[in-house]
Asker: 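Submitted below is the structure of interest, expressed as C-alpha coordinates.
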Amino acid sequence: MKAVVAIPVTVKCRIGIDEQDPEAALAVFADAVEQSGADALIVHARKAWLKGLSPKENREVPPLDHDRVYRLKTAHPRLTIVLNGGVGTIDQALAHLDRVDGVMMGRAAYQQPWRLLAVDPIVFGDEAPFASPRAAAAALISYIERELAEGVRPHAITRHLHGLFQGVPGARAFRRRLAEAGASPQAGAALLREALARVEDGQSGRTARGSVAGRTRQPAAARREG
(Lines give C-alpha, C1' and ligand atoms only; values in the text may rest on other atoms or scores of the structure.)
Protein backbone atom coordinates (compact mmCIF):
# COMPACT_ATOMS: atom_id res chain seq x y z
CA MET A 1 0.00 0.00 0.00
CA LYS A 2 2.79 2.43 0.84
CA ALA A 3 4.22 1.92 -2.62
CA VAL A 4 1.06 2.90 -4.48
CA VAL A 5 -0.55 5.67 -2.42
CA ALA A 6 0.57 9.16 -1.40
CA ILE A 7 -1.53 9.32 1.77
CA PRO A 8 -0.48 7.96 5.18
CA VAL A 9 -1.09 4.27 5.75
CA THR A 10 -2.13 3.40 9.29
CA VAL A 11 -3.12 0.17 11.03
CA LYS A 12 -5.67 -0.25 13.82
CA CYS A 13 -5.87 -3.30 16.08
CA ARG A 14 -6.84 -4.63 19.49
CA ILE A 15 -4.25 -5.79 22.01
CA GLY A 16 -5.21 -9.39 21.27
CA ILE A 17 -7.95 -11.81 20.30
CA ASP A 18 -9.66 -14.40 22.49
CA GLU A 19 -7.08 -16.47 24.39
CA GLN A 20 -4.03 -14.76 22.92
CA ASP A 21 -1.43 -13.39 25.30
CA PRO A 22 -1.49 -9.60 24.67
CA GLU A 23 2.20 -9.27 25.46
CA ALA A 24 3.34 -11.75 22.84
CA ALA A 25 0.61 -11.25 20.22
CA LEU A 26 0.81 -7.47 20.13
CA ALA A 27 4.59 -7.50 20.10
CA VAL A 28 4.68 -9.75 17.01
CA PHE A 29 2.02 -7.71 15.26
CA ALA A 30 3.70 -4.36 16.01
CA ASP A 31 7.02 -5.68 14.69
CA ALA A 32 5.33 -6.58 11.40
CA VAL A 33 3.60 -3.19 11.18
CA GLU A 34 6.82 -1.29 11.78
CA GLN A 35 8.77 -3.38 9.30
CA SER A 36 6.08 -2.78 6.67
CA GLY A 37 6.71 0.98 6.88
CA ALA A 38 3.21 1.88 8.12
CA ASP A 39 2.90 5.46 9.33
CA ALA A 40 1.15 4.65 12.59
CA LEU A 41 -0.29 1.85 14.70
CA ILE A 42 -3.56 2.67 16.46
CA VAL A 43 -4.24 0.32 19.36
CA HIS A 44 -7.62 -0.15 21.00
CA ALA A 45 -6.53 -1.15 24.49
CA ARG A 46 -8.95 -4.08 24.84
CA LYS A 47 -8.98 -7.65 23.67
CA ALA A 48 -11.50 -8.64 21.03
CA TRP A 49 -13.47 -11.70 22.09
CA LEU A 50 -14.73 -13.19 18.85
CA LYS A 51 -16.21 -16.15 20.70
CA GLY A 52 -19.03 -15.28 23.07
CA LEU A 53 -19.31 -11.50 22.85
CA SER A 54 -21.33 -9.37 20.46
CA PRO A 55 -19.77 -6.36 18.70
CA LYS A 56 -21.52 -4.07 21.20
CA GLU A 57 -20.25 -6.09 24.17
CA ASN A 58 -16.75 -6.05 22.71
CA ARG A 59 -16.78 -2.26 22.98
CA GLU A 60 -17.39 -2.39 26.72
CA VAL A 61 -16.87 -5.79 28.36
CA PRO A 62 -13.18 -6.63 27.80
CA PRO A 63 -11.14 -4.71 30.37
CA LEU A 64 -8.97 -1.83 29.23
CA ASP A 65 -5.22 -2.24 29.45
CA HIS A 66 -3.67 1.13 28.68
CA ASP A 67 -0.41 0.06 30.28
CA ARG A 68 0.06 -2.53 27.55
CA VAL A 69 -0.06 0.25 24.96
CA TYR A 70 2.44 2.30 26.97
CA ARG A 71 4.84 -0.64 27.01
CA LEU A 72 4.38 -1.04 23.26
CA LYS A 73 5.45 2.57 22.72
CA THR A 74 8.52 2.05 24.88
CA ALA A 75 9.45 -0.97 22.78
CA HIS A 76 8.88 0.89 19.49
CA PRO A 77 10.14 4.45 20.01
CA ARG A 78 10.28 5.20 16.27
CA LEU A 79 6.78 3.91 15.47
CA THR A 80 3.89 6.33 15.95
CA ILE A 81 1.61 4.70 18.52
CA VAL A 82 -1.92 6.04 19.01
CA LEU A 83 -4.01 4.88 21.97
CA ASN A 84 -7.75 4.22 21.63
CA GLY A 85 -10.35 2.96 24.06
CA GLY A 86 -11.95 4.46 27.15
CA VAL A 87 -10.78 8.03 26.52
CA GLY A 88 -13.64 10.45 27.04
CA THR A 89 -12.15 13.74 28.23
CA ILE A 90 -9.37 16.10 27.30
CA ASP A 91 -7.72 15.64 30.68
CA GLN A 92 -7.60 11.88 30.07
CA ALA A 93 -6.15 12.47 26.62
CA LEU A 94 -3.44 14.76 27.98
CA ALA A 95 -2.44 12.14 30.54
CA HIS A 96 -2.08 9.49 27.84
CA LEU A 97 -0.09 11.86 25.62
CA ASP A 98 2.70 11.77 28.15
CA ARG A 99 3.15 8.10 27.24
CA VAL A 100 2.12 7.71 23.58
CA ASP A 101 2.17 9.77 20.41
CA GLY A 102 -1.55 10.24 19.94
CA VAL A 103 -5.03 9.57 21.24
CA MET A 104 -8.08 8.47 19.28
CA MET A 105 -11.55 9.17 20.68
CA GLY A 106 -14.61 7.55 19.23
CA ARG A 107 -17.96 7.23 20.98
CA ALA A 108 -17.43 10.19 23.28
CA ALA A 109 -16.69 12.48 20.34
CA TYR A 110 -19.67 11.21 18.39
CA GLN A 111 -22.15 11.35 21.25
CA GLN A 112 -21.15 14.81 22.49
CA PRO A 113 -19.46 16.56 19.54
CA TRP A 114 -19.95 20.02 21.06
CA ARG A 115 -17.11 19.21 23.45
CA LEU A 116 -14.65 19.14 20.56
CA LEU A 117 -14.57 22.94 20.54
CA ALA A 118 -12.29 22.81 23.57
CA VAL A 119 -9.68 20.65 21.88
CA ASP A 120 -7.79 23.29 19.90
CA PRO A 121 -7.26 25.75 22.77
CA ILE A 122 -6.48 23.13 25.42
CA VAL A 123 -4.56 20.48 23.52
CA PHE A 124 -3.03 22.38 20.61
CA GLY A 125 -2.82 25.91 22.00
CA ASP A 126 -4.77 27.29 19.06
CA GLU A 127 -7.97 29.28 18.81
CA ALA A 128 -11.15 27.22 18.56
CA PRO A 129 -12.44 27.11 14.95
CA PHE A 130 -15.92 28.18 16.10
CA ALA A 131 -17.12 30.20 19.06
CA SER A 132 -19.99 27.85 19.91
CA PRO A 133 -21.74 24.64 18.89
CA ARG A 134 -24.43 26.77 17.24
CA ALA A 135 -21.80 28.48 15.08
CA ALA A 136 -20.28 25.13 14.15
CA ALA A 137 -23.68 23.78 13.14
CA ALA A 138 -24.52 26.91 11.16
CA ALA A 139 -21.30 26.47 9.17
CA LEU A 140 -22.67 23.15 7.96
CA ILE A 141 -25.54 24.79 6.11
CA SER A 142 -23.53 25.67 3.01
CA TYR A 143 -22.06 22.16 3.00
CA ILE A 144 -25.54 20.64 3.19
CA GLU A 145 -26.63 22.81 0.27
CA ARG A 146 -23.74 21.56 -1.85
CA GLU A 147 -24.42 17.94 -0.96
CA LEU A 148 -28.14 18.27 -1.67
CA ALA A 149 -27.25 19.48 -5.14
CA GLU A 150 -25.37 16.21 -5.61
CA GLY A 151 -28.37 14.16 -4.58
CA VAL A 152 -27.42 13.44 -0.97
CA ARG A 153 -30.36 13.22 1.44
CA PRO A 154 -30.06 15.70 4.32
CA HIS A 155 -30.64 12.97 6.89
CA ALA A 156 -27.33 11.39 5.88
CA ILE A 157 -25.65 14.49 7.32
CA THR A 158 -27.96 15.76 10.05
CA ARG A 159 -28.33 12.40 11.81
CA HIS A 160 -24.77 12.86 13.06
CA LEU A 161 -25.70 16.11 14.83
CA HIS A 162 -28.17 14.69 17.33
CA GLY A 163 -25.71 14.88 20.23
CA LEU A 164 -24.55 18.40 19.48
CA PHE A 165 -26.58 20.05 22.24
CA GLN A 166 -26.87 17.20 24.72
CA GLY A 167 -27.97 18.55 28.09
CA VAL A 168 -28.88 21.97 26.69
CA PRO A 169 -32.48 23.27 26.97
CA GLY A 170 -34.14 22.71 23.63
CA ALA A 171 -31.92 19.78 22.65
CA ARG A 172 -34.84 17.37 22.41
CA ALA A 173 -36.78 19.71 20.13
CA PHE A 174 -33.61 20.16 18.06
CA ARG A 175 -33.27 16.40 17.60
CA ARG A 176 -36.95 15.95 16.86
CA ARG A 177 -36.93 18.60 14.15
CA LEU A 178 -33.89 17.06 12.51
CA ALA A 179 -35.50 13.63 12.56
CA GLU A 180 -38.85 14.84 11.22
CA ALA A 181 -37.55 16.97 8.39
CA GLY A 182 -34.38 15.06 7.61
CA ALA A 183 -36.24 11.92 6.63
CA SER A 184 -38.03 13.77 3.83
CA PRO A 185 -36.36 13.81 0.38
CA GLN A 186 -37.79 17.32 -0.07
CA ALA A 187 -36.11 18.70 3.03
CA GLY A 188 -33.53 21.40 2.39
CA ALA A 189 -30.72 23.04 4.32
CA ALA A 190 -33.32 25.26 6.02
CA LEU A 191 -34.21 22.33 8.26
CA LEU A 192 -30.97 22.86 10.19
CA ARG A 193 -31.79 26.55 10.69
CA GLU A 194 -35.22 25.56 11.96
CA ALA A 195 -33.77 22.99 14.31
CA LEU A 196 -31.17 25.43 15.67
CA ALA A 197 -33.95 27.91 16.44
CA ARG A 198 -35.29 25.41 18.97
CA VAL A 199 -32.16 25.55 21.12
CA GLU A 200 -32.40 28.20 23.82
CA ASP A 201 -30.26 31.29 23.27
CA GLY A 202 -27.31 31.60 25.60
CA GLN A 203 -27.24 27.85 26.25
CA SER A 204 -25.47 26.67 23.13
CA GLY A 205 -22.14 28.40 23.51
CA ARG A 206 -20.57 26.25 26.15
CA THR A 207 -17.32 24.37 25.90
CA ALA A 208 -15.70 22.21 28.55
CA ARG A 209 -12.28 21.02 29.57
CA GLY A 210 -13.76 17.60 30.25
CA SER A 211 -14.25 17.10 26.56
CA VAL A 212 -13.49 14.73 23.76
CA ALA A 213 -11.12 14.97 20.86
CA GLY A 214 -9.01 13.43 18.21
CA ARG A 215 -5.26 13.96 18.53
CA THR A 216 -2.39 13.75 16.09
CA ARG A 217 1.27 13.14 16.73
CA GLN A 218 2.72 16.54 15.89
CA PRO A 219 1.54 18.46 18.97
CA ALA A 220 2.49 15.55 21.24
CA ALA A 221 6.00 15.60 19.80
CA ALA A 222 6.15 19.36 20.20
CA ARG A 223 5.19 19.04 23.86
CA ARG A 224 8.02 16.60 24.45
CA GLU A 225 10.62 18.53 22.51
CA GLY A 226 9.60 21.98 23.68
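Fair warning: this is a prediction, and the values are worked out from it, not measured in the lab.
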Asker: Cluster question for you: counting only ILVMFWY and a side-chain heavy-atom cut-off of under 4.5 Å, with indirect links fine, are Leu64 and Val82 together?
Answerer: no
Asker: Please find the pair of heavy atoms, one from Trp114 and one from Pro133, that lie closest to each other, and give the distance.
Answerer: CB-CG, 3.6 Å
Asker: Can you measure from CG (Asp21) to NZ (Lys47) and round to the nearest 0.5 angstrom?
Answerer: 7.5 Å
Asker: Just by modelled atom types, is the Arg176 backbone N or O under 3.5 Å from a matching donor or acceptor in the Arg198 side chain?
Answerer: no
Asker: Is there a donor-acceptor contact under 3.5 Å from the side chain of Asn58 to the main chain of Trp49?
Answerer: yes
Asker: Between Lys73 (side chain only) and Leu83 (backbone N and O only), is there a donor and an acceptor less than 3.5 Å apart?
Answerer: no
Asker: So, for Ala25 and Gln20, which heavy atoms are closest and what is the spacing to 0.1 Å?
Answerer: CB-OE1, 3.6 Å
Asker: Kindly state each residue pair satisfying side-chain hydrogen bond (donor to acceptor under 3.5 Å, both in side chains) with at least one member in residues 135-145, sequence neighbours excluded.
Answerer: none
Asker: Rounded to the nearest 0.5 Å, what's the gap from OG1 on Thr158 to CZ on Arg153? Could you check?
Answerer: 10.0 Å
Asker: Between the main-chain N or O of Pro22 and the side-chain N or O of Arg68, is there a donor-acceptor pair closer than 3.5 Å?
Answerer: yes
Asker: Same hydrophobic cluster for Ile7 and Met1, using side-chain heavy-atom links shorter than 4.5 Å among ILVMFWY?
Answerer: yes
Asker: Taking the side chain as every heavy atom from C-beta outward, state whether Thr10 and Thr80 have any pair of such atoms under 4.5 Å apart.
Answerer: no
Asker: Between atom CG of Asp120 and atom CZ of Phe130, what is the distance when rounded to the nearest 0.5 Å?
Answerer: 10.5 Å
Asker: After noting the C-alpha distance and the side-chain angles of Arg71 and Glu23, does the key distance pass the salt bridge (charged side-chain N to carboxylate O under 4.0 Å, His left out) rule?
Answerer: CA-CA 9 Å; Arg71 293 193 296 275; Glu23 291 295 331; 2.2 Å; yes
Asker: Atom CD1 in Ile144, atom CG in Leu161: separation rounded to 0.5 Å?
Answerer: 6.5 Å
Asker: Nearest 0.5 Å please: distance from the CG atom of Leu53 over to the CG atom of Asp18.
Answerer: 9.0 Å
Asker: Taking all non-hydrogen atoms of both residues, which atom of Arg175 and which atom of His162 are closest, and how far apart?
Answerer: CD-O, 3.1 Å
Asker: Has Gln166 got a side-chain atom pairing as donor or acceptor with Gly163's backbone, closer than 3.5 angstrom?
Answerer: no
Asker: Between Leu191 and Arg177, which heavy-atom pair has the shortest distance, and what is it?
Answerer: O-CG, 4.3 Å
Asker: Report the C-alpha distance between Lys12 and Met104 in whole Å, list the side-chain angles of each, state the deciding distance to 0.1 Å, and finish with yes or no for side chain to side chain contact (heavy atoms under 4.5 Å, CB included).
Answerer: CA-CA 11 Å; Lys12 189 169 188 284; Met104 175 181 285; 3.5 Å; yes
Asker: To the nearest 0.5 Å, what is the distance between CG on Leu148 and CD1 on Ile157?
Answerer: 6.5 Å
Asker: Looking only at heavy atoms, which two atoms of Ala137 and Leu192 are closest? And how far apart?
Answerer: O-CD2, 3.2 Å
Asker: Could you pull out all donor-acceptor pairs under 3.5 Å where a side-chain atom in residues 26-44 meets a protein atom, sequence neighbours excluded?
Answerer:
| unit_1 | atom_1 | unit_2 | atom_2 | d |
| --- | --- | --- | --- | --- |
| Asp31 | OD1 | His76 | NE2 | 3.4 |
| Glu34 | OE1 | His76 | ND1 | 2.6 |
| Ser36 | OG | Val33 | O | 2.6 |
| Ser36 | OG | Ala38 | N | 3.4 |
| Asp39 | OD1 | Lys2 | NZ | 3.1 |
| Asp39 | OD2 | Lys2 | NZ | 2.8 |
| Asp39 | OD2 | Val9 | N | 2.7 |
| His44 | ND1 | Asn84 | OD1 | 3.3 |
| His44 | NE2 | Arg46 | NE | 3.3 |

Asker: Heavy atoms only: give me the nearest Leu117-Ser132 pair and the separation to one decimal.
Answerer: CD1-C, 3.3 Å
Asker: Could you tell me whether the side chain of Arg59 and the main chain of Arg107 form a donor-acceptor pair under 3.5 Å?
Answerer: no
Asker: Measure the acute angle between the ring planes of His96 and Tyr70, then classify it against the limits of 30° and 60° as parallel, tilted or perpendicular.
Answerer: tilted
